[in-house]
Amino acid sequence: MVSLPQKFSTTSPSILIRRQCFKPQEPKTPDQPFIPFSQLQERKLLESELISVLHNCTELSQIKQVHSHIIRKGLDQCCFVLTKLLRMLTKIEAPMDPYPRLIFDQVIRIGGLDLDLFVGNTMIDMYVKCGCLDCGRKVFDEMPDRDVISWTSLIVAYAKGGDMENALGLFDALPMKDMVAWTAMITGYAQNSRPMEALEFFEKMQNAGIETDEVTLAGAISASAQLGAAKYANWVRDVAEKSGFGPADNVVVGSALIDMYSKCGSLEDAYKVFERMREQNVFSYSSMIVGFAMHGFASEALKLFEEMLKTEVKPNKVTFVGVLTACSHTGLVEQGRHLFQIMGKCYGVEPSADHYACMVDLLGRAGCLEEALELIRTMPMVPHGGVWGALLGASRIHGNPDVAEIAANHLFELEPNGIGNYILLSNIYASAGRWEDVLRVRKLMRGKGLKKNPACSLVEGKEGVIHEFYAGDMTHPKTGEIKRALKDLLERLKFDGYQPNLSSAPYDVSDEDKKQILMAHSEKLALAYGLLCTDAGCTIRIVKNLRICEDCHLVMCGASKITSRQIVIRDNMRFHHFRDGTCSCGNFW
DNA sequence: CTAGGGTTAG
């Protein structure tokens, strides 16, 4: 004998149990018609059929079709199906449409209050993924009950929109903060380039005794990668090991660490992590390849790529960005061209605007500015800032103000506040001696209220103490010694054939003044201090906020030779390893 | 069947 169910329930037991955690009161019983068992079976069948149809929907119109079918069959009372419908809308990133709202209202109407939590959360998520934060917020405000998931969805939405202030406000107001909520804040700060705050949050989270998992760690590791300081890197790694998410066993933590170490300047540590990982995936391979490329070790990057192709792991778009930049930094034009041509056909990765940017960089560096420009013209998508930026950079290397102008004009539109573009163009004009144009660009900058960031270099002294130098900085207590050491060094370099590169001082002043300006560049001060205060044989590590200039690059090369020191400089783009008079970037950066 | 994720260039 089969006993007939008293009422038609559309929710799975797990959902009921979960809901009870938040709503211990007696659930409201909506008026439901009595349905005989045979019909119920039939309904269930229809439901699961519809669910599988929904599962394969890829367009809004298809989903709407299913919806009208649901209404025709009288299944519009079934929250389960409607909720699935909402989820599919989320998945296909339905453009903003009154339609989801309609379904939402329908679900609310038939489901009664005790369905709000689940459907509401689904709605918030859907709106957030559609990019409509206001609608998500509205649902959140309308919900009579919210759980930590509702809050976290919204926190993430604000964080993704760059509004960490509102995210923090919500987080503070959130009564039951769990690991996911904390993680949302940490990754939010990390993704908004606020690594210090991310790490502060990470520390607070530990002090609060909240558990840590691989996702939390990934956020914290990414934050320390941005800081580029070995001190934080090792601390976060310790926490990872202690939480049982060591890089050897966890591929997420492992690949994040590879990236972190290479951004902190220690390619050796990055490679050690890579080698010891038990499992490799596309993230770990790509991070390592990008790491090699970033440090100028192109052949290692390409070798690793070959190795990867022999495994099951399939390259993705980031992998190709890595190998293409590796090619461009070494002038491997033909190999780069070849990879670019076959990446879609052989590996199923169609070139994106980013890959076009790499190719423009590759061709541009090699001096083929016209060909690079032609490639941009044939792009199947609208070129973004990266593409024009690569062209602008190449114009600088080859001193071509005309092509630079074309690139810059596009950039001024795409990135009106990108200060670097103005500076680069103005420097290109300066190198060409076009001082009226320099003044024009400077005026343009001032008109927009943009100010040049002061150049600043950091150098690690004894016992990990960081010393900071600005260009022309005379505030360091050892300024006298530093200047003397620098003068000595330059004298010895001149003996070796060094001539100051005067075009690195883009000002319309006398040659003597230019030499003085160059002498006071922040990375030279940092170098001199590093030489003074660290032991012989010690690698000197400098981090600079702007791009290193030609003259300083020349000096670093020479200094590495005559002092027998290794010098590692991270500028705003990449790493330079100076050793025995040469740089890993091959004088191409 | 609802929340957090690592690698991207000039």
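Predicted model, so just to flag it, every value in this text is computed and none were measured. These numbers come from the heavy atoms of this one structure, side chains and all, not from hydrogens, waters or symmetry mates. Residue numbers start from 1 in every chain, and the chains themselves are labelled A, B, ... in the order their sequence lines are given, proteins ahead of strands.
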Quick one: which of [options] gets closest to the side chain of [X]?
| X | options | result |
| --- | --- | --- |
| A/Thr183 | B/dG10, B/dT8, B/dG4 | B/dG4 |
| A/Ile149 | B/dA3, B/dG5, B/dG6 | B/dA3 |
| A/Val252 | B/dT7, B/dG10, B/dG5 | B/dG5 |
| A/Asp178 | B/dG10, B/dA3, B/dT7 | B/dA3 |
| A/Val251 | B/dG10, B/dG6, B/dT7 | B/dG6 |
| A/Val180 | B/dG6, B/dT7, B/dA3 | B/dA3 |
| A/Lys263 | B/dT8, B/dG4, B/dT2 | B/dT8 |

Residues that A/Glu211 engages under salt bridge (charged side-chain N to carboxylate O under 4.0 Å, His left out), provided they are two or more places apart: none
Could I get the full list of salt bridge (charged side-chain N to carboxylate O under 4.0 Å, His left out) partners for A/Glu241, not counting sequence neighbours?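 Checked A/Glu241 against salt bridge (charged side-chain N to carboxylate O under 4.0 Å, His left out); matches are A/Arg237.
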Which part of the nucleic acid, if any, lies within contact of A/Val290, taking any heavy atom under 4.0 Å across all strands shown: a base, the sugar-phosphate backbone alone, or nothing?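 Here A/Val290 touches the backbone only, sparing every base.
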Under 4.0 angstrom, heavy atoms only, what part of the nucleic acid is A/Gly393 near: base, sugar-phosphate, or nothing?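 It contacts sugar-phosphate atoms only.
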Of all residues at least two apart in sequence or in a different chain, which pass the ring-ring contact (aromatic ring centres under 6.0 Å, His included) check with A/Trp151?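 Testing A/Trp151 for ring-ring contact (aromatic ring centres under 6.0 Å, His included), a comparison that skips the adjacent residues, returns A/Phe140.
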Would you say A/Arg365 reaches B/dG10's phosphate, i.e. side-chain N/O to OP1/OP2 under 4.0 Å? yes
Under-4.0 Å side-chain N/O to phosphate OP1/OP2 contact, A/Gln191 with B/dG5: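 For B/dG5, OP1/OP2 do have a side-chain N/O of A/Gln191 under 4.0 Å.
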Nucleotide B/dG5, atom P - distance to CE of A/Met185 in whole Å: 13 Å
Any pair with a residue in residues 311-331 of chain A that passes ring pair (Phe, Tyr, Trp, His ring centres under 6.0 Å), sequence neighbours left out, goes on the list, sorted by first then second residue, please.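 Every pair satisfying ring pair (Phe, Tyr, Trp, His ring centres under 6.0 Å) with a residue in residues 311-331 of chain A: A/Phe305-A/Phe320, A/Phe320-A/Tyr347.
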Contact list for DNA chain B against residues 349-356 of chain A - heavy-atom distance below 4.0 Å: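 Those residues are A/Asp354.
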CZ of A/Phe340: more than 12 outside heavy atoms within 6.0 angstrom?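 Counting neighbours around CZ of A/Phe340, more than 12 heavy atoms of other residues, nucleotides or ligands fall under 6.0 Å, so yes.
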Taking side-chain hydrogen bond (donor to acceptor under 3.5 Å, both in side chains) as the cut-off, I'd like each qualifying pair that reaches into residues 270-279 of chain A, sequence neighbours left out, listed once.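 Sorted pair list: A/Asp249-A/Arg278.
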